Structure formats: structure tokens, C-alpha cells
Student: 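Got a structure for you, questions after.
The structure displayed is predicted, hence computed values, not measured ones. A, B, ... follow the sequence lines: proteins, then strands. Residue 1 opens every chain.
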There are 2 protein chains.
Amino acid sequence: MATIRDVARLAGVSISTVSRVLNKSGYVNSETEREVNKAIQMLKYEPSDVARGLTNKKTRTIALILPDIVNPFFPELSRAVEDVARTSGYTVIFGNSDGQANKEKAYINILKQKYISGIIFASHNLNRDDVEYLQKIDIPFVVLDRAPSQEGCTVVRSNNFEGAKLAVQHLLDVGCKKIAHIYGPQEINTAKDRLSGYEESVKNFKWYSPTLMVPGNFKLDGGMNAAHVLMERHPDVDGIFVGNDLMAVGALKTLLRLGIKVPNQIAICGFDGIHLAEAVEPELTTIAQPIYEMGALAADLLIKKIEGAVVDNRIYELEVKLVPRASTTKEI
Amino acid sequence: MATIRDVARLAGVSISTVSRVLNKSGYVNSETEREVNKAIQMLKYEPSDVARGLTNKKTRTIALILPDIVNPFFPELSRAVEDVARTSGYTVIFGNSDGQANKEKAYINILKQKYISGIIFASHNLNRDDVEYLQKIDIPFVVLDRAPSQEGCTVVRSNNFEGAKLAVQHLLDVGCKKIAHIYGPQEINTAKDRLSGYEESVKNFKWYSPTLMVPGNFKLDGGMNAAHVLMERHPDVDGIFVGNDLMAVGALKTLLRLGIKVPNQIAICGFDGIHLAEAVEPELTTIAQPIYEMGALAADLLIKKIEGAVVDNRIYELEVKLVPRASTTKEI
DNA sequence: AAATCATGTGGTACCGCTACCACAATGTCC
DNA sequence: GGACATTGTGGTAGCGGTACCACATGATTT
């Protein structure tokens, strides 16, 4: 491993000069610069990020804290973050928080010790204290999917409320006469917004009843169980808007096992737009979030912040899109 | 951010002493130690990993290079790696190589610059040169799923050949009379081994024909297409062993769309044991690799290596397990 | 009694880089 | 022609640790 000293010696200049050409800062004679670059090439010199980190307190490494990479929403998001980061010369550390505030805090501490440049939180446990702490120790961060319960946060999310309305409208459009909703954990903002969107859309129908809303855990088995509950309560339901795709796939499983035809007897619409929705048969209609774009935008904003650009601490809300597929395409 | 100097001053000792209690190295009077620890607590001092990295050339960070985190096999693996790493005080950097050798090389370089402690390769492009290079620059690494084409590698894999035989045997057991195979890219060792296992198992049957083996790309659409090809060639096939779960789900889709009953007309058995196999209906019988264990073992071995333990440079081959589910449970 | 050893502590040269300061040598302006 | 930029370069003090060496003390050995 060549060091900056080796380069300086070979090029016959001082360390300072090499540092200057490296960072394109200050004055360097173009002739000298050429010499230095030649030496760099010859020695295959690469500056040590660690040494730089020690002086700069920046390491060109960002962290992505998410609940659980196994949840299929997050791989796509992670991919986007990594793509953008890599292109911009950053590496990505990832950590699973399992939605536990203490794991998240522990990570913040470790990351601070490592002079991480910035953090993206795709987790749901960042509270006011954490935010204040991050601001105090001056680590740039971007949050996914959080309501702006606190000032001074850059938030990337999609329009869950409108998405839910879109879902219900679509189910109505394909002829559904009684639409139920399976919702996710209400601590999670997205789940809450989607539930609100559903309620808002259906509350004025004569068939509306609060019992049409069944809770789930945002996982496969949650969707399966909720569908069972629903079929017992309301066997006459002919459309279900499910709070996320994973539960929607679970609900689909239950219905198929009960011998119910999807979409002809019951149409299903999910939310998220993960690949899984296309793996099942019939393929799942969904309200697709621009998952990749969300990750890419979050990474982009974070890097801008890190590099000192002025980033508005505001909510970047992206639009969702109805993706109609077989699970709501009733045959005539 | 308190530094070691602050602690030394507050405790009224020298930096050296603080360093000694920090690293539990050398002699320290227990009284002194208590004083130092008190100071550490009071200042909430945490040693800087970066500064340590500069002296030690070790950063308590490991990297996980995989083809694409979006491929559902890898999130589970990553989760295991991160769990083990976190427990041992390491953080995990992840990178997608898309199976491109140059991206992989680029990553190795960046990681070297960052004094990464070690690397896990779950990617398929590590060649002899890369291995030699890694050994030369003395970065510990562990490889997943690679044949031991070169000495000096610690490899974690599962028994793909036996797994394939298990799959075929299971299909025979449930009464299949003509079994096809959809195989993955032959540059990938696992795909090759599974194909060999299939051939080995079926070559002596009278119904055997090379045309029963159809190529796929290890992705969903590859499985869909291959199933189409297969149905044209051999409409009388009644069992398919598919080289991985993702393609198996694709094949299942195609069959269902063609109106073929699974498992009664055609039974399907996949390979991998990813969660997706349980999301589809009928649920997919599969040869499950111990994915989590593989990731955990790889991380464990890597950390042992990093910390100087003697790790045999050998192949750690884990057993696979048949998980029978609905896709091969024929009704009587 | 001298030599040796275990215990305990402090001083400081690195690790590889950046940032700041100092210093020259020119060029430019009034 | 002196004051003042502009351009170009080198020296070096950190950044926050670790590791090695030096040194002091009291105990043990010979």
C-alpha cells in the first residue's frame, strides 16, 4: 500500500502538493500536477479513506437502518440506495432494527463512532429524542415514511392516503359492491394513512361498517388470518383492499384455499408494488409505490446534505400508481 | 465527543494507561482501572473506530458482496450475516455486483481503501486472480457456494448434488413417471451441481431424454419460459424438479395458466427454501438449504479469521433438507 | 548485596492524511 | 519603485488512537 509520502517522494514534491492535486484544492502548476499524477499511477496509489476520515470526520459511508431486510419491501429499497451511493463514491452499511428502538439507538452510537457520513432511516422508531440527538452530533439523515412529527427532518414518502383512495376507487370501478380493508399496525404511519384513505372513501356507502376493517401485522400470516376473520364476518364481501402486498398475498392464499374465485368472487388490491405481487397467480393488482425512486431519492438527498448542499427539511412525497393485474380483472 | 486525552486528564493518568484499560492489555492497578472507568462513564467516552483503524488497519467492518439483494435468496442470507456481525461487534457493508466481475473488483479496491476487516463473497465471479490478490493484500475472506477451484479459500456451501437427488427421489416417491428439470446458468456452480444430481438420478430410466433438461436464468421469467418450452416438448411430463425456487414459482405460474393441475397433473419441486415458496398457492415443495445457517456460519468463520483464529481453508458443506408441501402432495 | 523479575505508569513516535501557515517568485497597480 | 495580489510550493501540527520503550518500585532470587 503506497502512501501519500511515497507519491511525494517519487514525484519529487512535498506531501502538501500531492494532497493538493488529490483534492484539487489550492494552486498547483499543471506541470507538477502531471508529474504527481504519473507517480500516483505508477504506484497505484489510492488515498486511505480511514486516514481521511480521521481528519475530516467523514468517511464516505452511509448507513441504512431498516426493520428487516427479509421483508420484501426493503431489498428493492436497499438496492436503490446502494446504486446511488456507489455511483457517488459512497458505501452502504445496513442494519436491521426489527422495529426495536433500542437496536436503533445502539446503531446510531456505533455509527457515530465510525464517523459514518449520514444515515437513512427506513425504520419506524425514530423518536423526537433521537432526532435531537442526531442533530446535536451533527449527523445528516433522511427518514423514509415518517410523518413530520418533528421539524428539521428530511422525509421521503409516498402518498399513502391518496393511494388507498385509488385502490378503493379501482375496486368500485371493477364492480365491487362491498369492500373490506385489511390494515397494518397502527404505530406505522403508512398503515394509518392507508386505513384513513379507505375509511374516507367508503364511509358514505350504505354497506359500510367498521367491522369491514380487519387488523393485520403487515406479514403473510397476518393477511391469511385476517382474510379468515373477514370471511366469517362478511361472507358477502366482493372486494378487499389490503394494506400491503405481503398481507394481500396471504389473503389471496386463504381465499384460494377456501375455494373462492379471485377475482370473480372477490377482487383483491394490495399496496406497495413489490415483485412478489407478480409471482403469485393470479397476479396481484396493487397500488405501487415508486420504491426504487424513493430509495434513490433518499440516498441522493442524504448525499447532498453530506456534501453541504442546502436541502430543504421538508417532506418529499412521491406519487403512487395503480397497477391493475389479474386479481381485479373480473371476467365478463 | 470526548477523546482518550479527556479521559486521561479527568482520571489523572496518562493516555497510555487509559489505552491499557481500554484494551485490557499490560498491567494496570485495579484501583487505577476503576478511576479510569469512572472517567470513561462520566464523559460517555467511546473510542473512535476510525482512529483505531488507522493504527490497526482493522475497522470491525465486514463486507458482503452479493449479486443482487433483490434476488430473494440474499435477504435471508444478509440477515444472518448482519445478526452474527452485530453480535460480535462488527458492522456490515453490502454491495451488489450483478454478477459482473468488474463491479466486484471495484468493490475489493474500495474496501481495501477503507481497511475493511474482511469480506464475504456470495457472488459468482471471484476468480483465481482475485483470490491471489486478496491473499496478497491480506484481507480475510469467505466464499459462499464456490467450488474449491483454488486452494486457500474457506468455502461455505450446501450439498447441491445430493439435494438434487433428494428432489428427484421425492418426485418418484409421490408417483411421478417422467421427471423433467429446469436448470440454472451453468457458470454458477450450484446450478451445475443440481443438474448433475438430476442427471445422475434419472439417466437409467427408460423415459430419460436430454430434452427433459431445459435451461433457465434462475429468475421468475426464466422459469415461466422454460415451463412453456417443456410443455411443448414433453406434454406428458408429470414431475418437474426446478433448479431454484424462483424459477419453480415461475414454472408454477405457467402451469396454472395453462390450466394444468399442480400437483395432480404435474408435481413441482424447487430448490433453496426461500420464503417465497410458502407464499404461492399451492405451496412449493423444495429442497431447503439452511440459508440462515450458511450466512451465520460464513460470518462466524470470517470473524474468527479476522481475529486471528486458525480457520481451516476447507469447504464447509451443509446438508439440505426436503420440505414437502402441497406442490407435490398428490391427492389420492 | 547484587541481580533479576513482576507490576505499574508515563512519554512519544507513528498510522496517512488535511489544513493552515510561511515563504518565494512573479506580475500589477498607482 | 514600493505595495499588494496572484501563483506555487514546502513544513508541520493535529485527527484519536496504539505500541513500544523507558523508568520506578517492591519482591524474589542467587
Side-chain angles (χ1 to χ4, degrees), chain A residues 1-37 39-40 43-61 89 110 112-117 137-138 307-308, chain B residues 1-37 39-40 43-61 89 110 112-117 137-138 307-308:
Chain A
M1 283 296 292
T3 76
I4 197 171
R5 266 160 256 271
D6 301 326
V7 176
R9 201 173 311 131
L10 182 61
V13 297
S14 72
I15 301 177
S16 310
T17 303
V18 179
S19 178
R20 256 174 246 124
V21 345
L22 248 34
N23 301 295
K24 305 191 193 319
S25 65
Y27 295 110
V28 179
N29 184 303
S30 53
E31 178 71 23
T32 318
E33 185 172 351
R34 224 172 302 130
E35 283 306 308
V36 171
N37 281 323
I40 287 175
L43 296 170
K44 292 189 201 308
Y45 167 76
E46 307 250 24
S48 152
D49 272 341
V50 177
R52 279 186 163 167
L54 189 56
T55 357
N56 296 337
K57 273 98 178 67
K58 293 278 168 65
T59 50
R60 297 191 81 75
T61 301
I110 295 168
K112 185 190 61 177
Q113 262 176 76
K114 288 188 182 284
Y115 292 151
I116 239 61
S117 299
I137 62 178
D138 205 33
E307 300 188 342
Chain B
M1 283 296 292
T3 77
I4 196 171
R5 270 157 250 270
D6 301 326
V7 176
R9 200 173 312 131
L10 183 60
V13 298
S14 72
I15 300 177
S16 310
T17 302
V18 179
S19 179
R20 256 175 246 123
V21 345
L22 248 34
N23 302 294
K24 303 188 197 318
S25 65
Y27 295 111
V28 179
N29 183 303
S30 53
E31 178 72 22
T32 317
E33 185 173 350
R34 222 170 305 130
E35 283 306 308
V36 170
N37 281 323
I40 288 176
L43 296 170
K44 289 189 205 305
Y45 165 75
E46 307 248 24
S48 152
D49 274 341
V50 177
R52 281 187 161 164
L54 188 55
T55 2
N56 298 338
K57 272 94 178 75
K58 295 279 168 63
T59 49
R60 297 191 80 76
T61 301
I110 294 169
K112 185 189 60 175
Q113 265 176 77
K114 288 187 183 285
Y115 293 150
I116 238 64
S117 299
I137 61 178
D138 202 35
E307 300 188 343

Student: Please encode protein proximity along nucleotides 9-21 of chain C as a string of B, S and -, counting only heavy-atom distances under 4.0 Å.
Tutor: BBBB--BBBBB--

Student: Under the side chain to side chain donor-acceptor pair (under 3.5 Å) rule, collect the residues that match up with A/Ser19, sequence neighbours excluded.
Tutor: A/Asn23

Student: Taking side-chain contact (heavy atoms from CB on, under 4.5 Å) as the test, write out the residues that go with A/Lys58, two or more places apart.
Tutor: A/Asn56, A/Ser117, A/Ile306

Student: Throw together a table of side-chain donor-acceptor distances under 3.5 angstrom for residues 24-32 of chain B, partners on residues two or more places apart or in other chains.
Tutor:
residue: B/Asn29; atom: OD1; partner: B/Glu31; partner atom: N; Å: 2.7
residue: B/Glu31; atom: OE1; partner: B/Arg34; partner atom: NH1; Å: 3.3

Student: Suppose we screen for salt bridge (charged side-chain N to carboxylate O under 4.0 Å, His left out). Which residues come up paired with A/Glu33, at least two apart in sequence or across chains?
Tutor: none

Student: In chain order, what residues pass the side chain to side chain donor-acceptor pair (under 3.5 Å) check against A/Glu35, with sequence neighbours excluded?
Tutor: none

Student: For the helix from C/dA1-D/dT30 to C/dC30-D/dG1, what angle separates the axis at the start from the axis at the finish, each from five pairs, in steps of 10°?
Tutor: 50°

Student: With sequence neighbours left out, write down each residue that passes side chain to side chain donor-acceptor pair (under 3.5 Å) with B/Ser14, or none if nothing qualifies.
Tutor: B/Thr17

Student: List for me each residue that meets salt bridge (charged side-chain N to carboxylate O under 4.0 Å, His left out) alongside A/Lys114, sequence neighbours excluded, and say none if there are none.
Tutor: B/Asp49

